[in-house]
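These numbers were taken from a predicted model, which means no experiment stands behind them.
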Amino acid sequence: EELLSPMTLNEKVGQLTLFASTWDTTGPTIDGNYVEYIRSGRCGAVFNVYTTTFTRHLQKIAVEESRLKIPLLFGLDIVHGHRTIFPIPLAESCSWDLAAIETSARIAAREAAAEGLHWTFAPMVDIARDPRWGRVAEGAGEDSWLGSRIAAARVRGFQGKDLAASDTVLACAKHFAAYGAAQAGRDYHTVDVSERTLEETYLPPFKACVDAGVRTIMPAFNEIAGVPCTASSHLLTGILRERWGFSGFVVTDYTAINELIPHGVASDAGEAGRLAFLAGSDMDMQSGAYMNHLAALVKNGMVPLENVDDAVRRIIRVKFELGLFEDPFRYCDPEREKQMVLTSEHLETAREIAQKSMVLLKNEGNLLPLSRNLKTLAVIGPLARATSDLLGPWCAAGDGAKAPSIHQALCQKLGPEIRILFEPGSEIVGTERHGFAAAVKAAGQADVVILILGESAGMSGEAASRADIDLPGVQNELAEAVAGTGTPVVAVLLNGRPLALSRLQKTVPAILEAWFPGTMGGEAVADILFGDTAPSGKLTIT
């Protein structure tokens with residue numbers, strides 16, 4: 001209340017305004033004036049920013065140069081790891097190991113907090129049953145009960161037992177609600193569900209997050225029954241606050257307020273801002289609608305001032321819970337940053353969770369595990385030497401250079417005793433077959449072929465829907481050509497969605513679903529192929 005009372009209306013609106021830095025881009029627009037907005041008290045939070053150096057620089061402007069010296073919140077999409085990248089959430093769900101999933105979120109929070117971050121836009125808890133939708137990669141699969149348990153585990157992992165601890169970050173449950181039910185698996189598309197289906201299938205994971213203490217919620221881009229979620233008072237006020245008792249704050253998705261105009265419910269940005277705010281959207285991500293229009297809406301009597309004050313209270317309360325008023329720079333310790341990221345403990349945990357996430361789909365004749373007595377092994381496929389693609393979509397500050405490829409991991413594991421031949425065979429996409437001959441020759445010289453197929457990282461995730469979910473390009477033809485040599489073939493799949501494998505499963509005797517397994521995914525694949533650990537994952541999606 002002491003902070004609230006001296007605030008001008010524009011400064012109050014500033015606490016409700018979130019802008020991206022120019023550090024990274026995850027959406028269609030960037031406003032390069034965000035530093036001046038911080039200085040003038042017109043921006044209370046910044047996302048797509050990390051490292052202690054950069055966050056300290058921006059925080060100093062907020063607490064030393066702005067009039068009220070209110071610290072900033074810093075956020076980033078830390079979906080499955082920050083520097084140490086874990087398997088994509090869909091893969092982790094296949095472990096059915098709630099403790100491991102909570103641990104991966106705990107490590108992600110520890111690394112993110114060490115690099116100046118307070119907040120992650122995760123977990124994504126949308127139930128999704130259409131594998132054409134690219135964002136199935138970010139969720140926990142098809143089942144509402146399991147999805148709810150996993151959602152709560154991720155919230156506990158990110159937020160820990162005490163938000164004031166310097167190794168925790170705010171979680172943000174998204175996308176509220178039914179975003180995973182987009183028609184035909186087309187991202188951002190409309191959703192048409194009955195009230196019963198909404199309540200029984202799509203809402204339970206969000207309720208589980210609220211019960212676990214999640215402090216922020218993000219509405220979905222989609223509409224339900226003609227009402228965009230960003231402007232749905234039924235969802236954001238009636239269900240979330242009044243029925244469930246949520247006390248944190250609601251942050252919109254990227255420019256979602258502006259998108260109320262093409263949704264057809266608002267004629268301009270001012271009306272869009274009014275609809276979103278009155279529905280219960282506290283913080284505006286990137287659209288600038290609140291900054292440009294909310295004060296005028298209050299002065300014109302279109303929005304009650306007390307509603308603005310309540311939203312400001314919710315946001316400032318969370319900043320207090322993080323300890324930012326006590327020490328705005330508590331997340332900006334360069335020594336902790338050096339010590340906390342990509343540690344041997346974090347990497348070993350990532351390897352173990354990757355192992356637990358992989359699913360053995362087929363193993364005719366007990367071809368797996370492979371024997372160490374092989375003389376020659378052929379490693380073939382467009383993803384055999386993939387590094388960045390191992391990380392999958394939404395890999396935060398992950399670095400593909402830190403992720404050994406499956407080919408490299410096999411070479412390290414097997415040493416010089418086994419001759420290893422490599423041929424890519426084809427590209428991930430496209431129709432070129434010029435590499436088939438060399439791949440077939442290598443397969444003919446080998447005792448066993450490990451064939452590494454699948455998607456590139458960018459083929460899954462946001463705005464990455466696919467109408468045809470078979471193996472892309474000519475990869476099926478490559479598999480058939482290699483299998484035609486008569487050499488036993490083990491297919492390893494790297495992908496972010498379930499693939500239509502009717503053709504491949506007729507071609508090869510063994511298939512290991514590795515998903516996008518993260519920084520230590522190459523080693524984890526090698527461990528499973530040669531029996532150092534058993535594949536224990538079970539599918540959570542058809």
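- The shortest distance between side-chain heavy atoms of T349 and S104 does not fall below 4.5 Å.
- In this structure, S95 contributes its side chain and S357 its backbone to no donor-acceptor pair below 3.5 Å.
- Under a 3.5 Å cut-off, the side chain of T120 and the backbone N or O of I78 do form a donor-acceptor pair.
- For the atom pair CZ of F249 and CE of M218, the computed distance is 9.5 Å after rounding to the nearest 0.5 Å.
- Side-chain contact check for W133 and D187: at least one donor-acceptor pair (N or O, by modelled atom type) lies under 3.5 Å.
- When side chains are defined from C-beta on, E271 does not count as touching L260, because their heavy atoms never get closer than 4.5 Å.
- Defined by atom type and a distance below 3.5 Å, a donor-acceptor pair is missing between the side-chain atoms of N258 and T255.
- In this structure the side chain of L236 reaches within 4.5 angstrom of the side chain of P219, judged on heavy atoms.
- For the salt bridge (charged side-chain N to carboxylate O under 4.0 Å, His left out) test with K174, the passing option among D126, D253, D77 is D77; the others fail.
- Between K338 and E335 a salt bridge is recorded (basic side-chain N to carboxylate O distance below 4.0 Å).
- To the nearest 0.5 Å, atom CZ of residue R274 and atom CG of residue D268 are 10.0 Å apart.
- Salt bridge annotation for D167-R336: absent, with no cationic side-chain nitrogen under 4.0 angstrom from a carboxylate oxygen.
- Proximity of a side-chain donor or acceptor of R156 to a complementary backbone N or O of A151 within less than 3.5 Å is not detected.
- Considering only heavy atoms from C-beta on, P123 comes within 4.5 Å of V155 through its side chain.
- How far OG1 of T252 is from CD of E259: 9.5 Å, rounded to the nearest 0.5 Å.
- Between T168 and Q159, the side chains place no donor N or O within less than 3.5 Å of an acceptor N or O (distance only, hydrogens not considered).
- F158 pairs by the ring-ring contact (aromatic ring centres under 6.0 Å, His included) definition with nothing, not counting sequence neighbours.
- Between E65 and K60, none of the side-chain N atoms (NZ, or NE/NH1/NH2) sits under 4.0 Å from a carboxylate O, so this pair counts as no salt bridge.
- Taking the side chain as every heavy atom from C-beta outward, H82 and L117 approach each other to under 4.5 Å.
- Between F221 and H175, the gap from one ring centroid to the other reaches at least 6.0 Å.
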How far apart are the C-alpha atoms of T542 and E142, what are their side-chain angles, what is the distance that settles it, and do they pass the side-chain hydrogen bond (donor to acceptor under 3.5 Å, both in side chains) test?
-> CA-CA 8 Å; T542 304; E142 297 177 351; 2.9 Å; yes
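- If you take CG on N33 and CZ on R39, they are separated by 11.5 Å, rounding to the nearest 0.5 Å.
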Could you go step by step and tell me if Y37 and F19 meet the ring pair (Phe, Tyr, Trp, His ring centres under 6.0 Å) rule?
-> CA-CA 9 Å; Y37 299 150; F19 277 117; 5.2 Å; yes
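- With a 4.5 Å cut-off on side-chain heavy atoms, F516 and P87 do not count as touching.
- Sorted by first and then second residue, the pairs that involve residues 9-19 and meet salt bridge (Lys or Arg N to Asp or Glu O under 4.0 Å), not counting sequence neighbours, are E11-R67, K12-D309.
- Under the 3.5 Å distance criterion, with hydrogens and angles disregarded, no donor-acceptor pair is assigned to the side chains of E242 and T237.
- Every residue meeting the side chain to side chain contact (heavy atoms under 4.5 Å, CB included) condition with N307, not counting sequence neighbours, appears here in chain and number order: F277, L278, P304.
- For F246, the ring-ring contact (aromatic ring centres under 6.0 Å, His included) criterion is met by no residue, not counting sequence neighbours.
- A salt bridge links R154 to E92: at least one charged side-chain nitrogen sits closer than 4.0 Å to a carboxylate oxygen.
- Between the side chain of D284 and the main chain of A289, a donor-acceptor pair closer than 3.5 Å is present.
- Taken to the nearest 0.5 Å, the OG1 atom of T197 stands 10.0 Å off from the CG atom of D192.
- Using bins of under 30°, 30° to 60° and over 60° for the plane-to-plane angle, the ring pair F121/F47 lands in the perpendicular bin.
- Heavy atoms of other residues, nucleotides or ligands lying less than 6.0 angstrom from CH2 of W96 number 12 at most.
- Residues that satisfy the salt bridge (charged side-chain N to carboxylate O under 4.0 Å, His left out) test with E2, not counting sequence neighbours, are absent from this structure.
- Every side chain to side chain contact (heavy atoms under 4.5 Å, CB included) that K299 has, sequence neighbours left out, goes to L9.
- W119 and T216 are linked by a side-chain donor-acceptor pair at a separation below 3.5 angstrom, with hydrogens and angles left out of the test.
- Side chain of R132 to backbone of S465: no donor-acceptor contact under 3.5 angstrom is found.
- To the nearest 0.5 Å, atoms CD1 (I88) and OG (S460) are separated by 6.5 Å.
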Under the side-chain hydrogen bond (donor to acceptor under 3.5 Å, both in side chains) criterion, do E337 and T51 qualify, and how do the steps go?
-> CA-CA 8 Å; E337 182 178 30; T51 74; 5.0 Å; no
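- The heavy-atom pair separating G147 from A140 by the smallest distance is CA-CB, 4.1 Å.
- Salt-bridge formation is not detected for the pair R83/E111: no Lys NZ or Arg NE/NH1/NH2 atom is positioned less than 4.0 Å from an Asp or Glu carboxylate oxygen.
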CA sep, side-chain torsions, deciding dist, call: F176, W244, ring pair (Phe, Tyr, Trp, His ring centres under 6.0 Å) = CA-CA 13 Å; F176 191 58; W244 293 350; 5.8 Å; yes
Chi angles and distances behind the side chain to side chain contact (heavy atoms under 4.5 Å, CB included) call for Q59, F74 = CA-CA 9 Å; Q59 197 70 286; F74 297 122; 3.8 Å; yes
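- Looking at heavy atoms from C-beta onward, F86 lies in side-chain contact with I107 at the 4.5 angstrom threshold.
- Note on E462 versus R135: salt bridge recorded, some NZ/NE/NH1/NH2 to OD/OE distance being below 4.0 Å.
- A salt bridge is absent between R314 and D310: the closest approach of a Lys/Arg side-chain nitrogen to an acidic carboxylate oxygen does not fall below 4.0 angstrom.
- Residues L73 and L324 are in side-chain contact: their nearest non-hydrogen atoms beyond the backbone lie under 4.5 Å apart.
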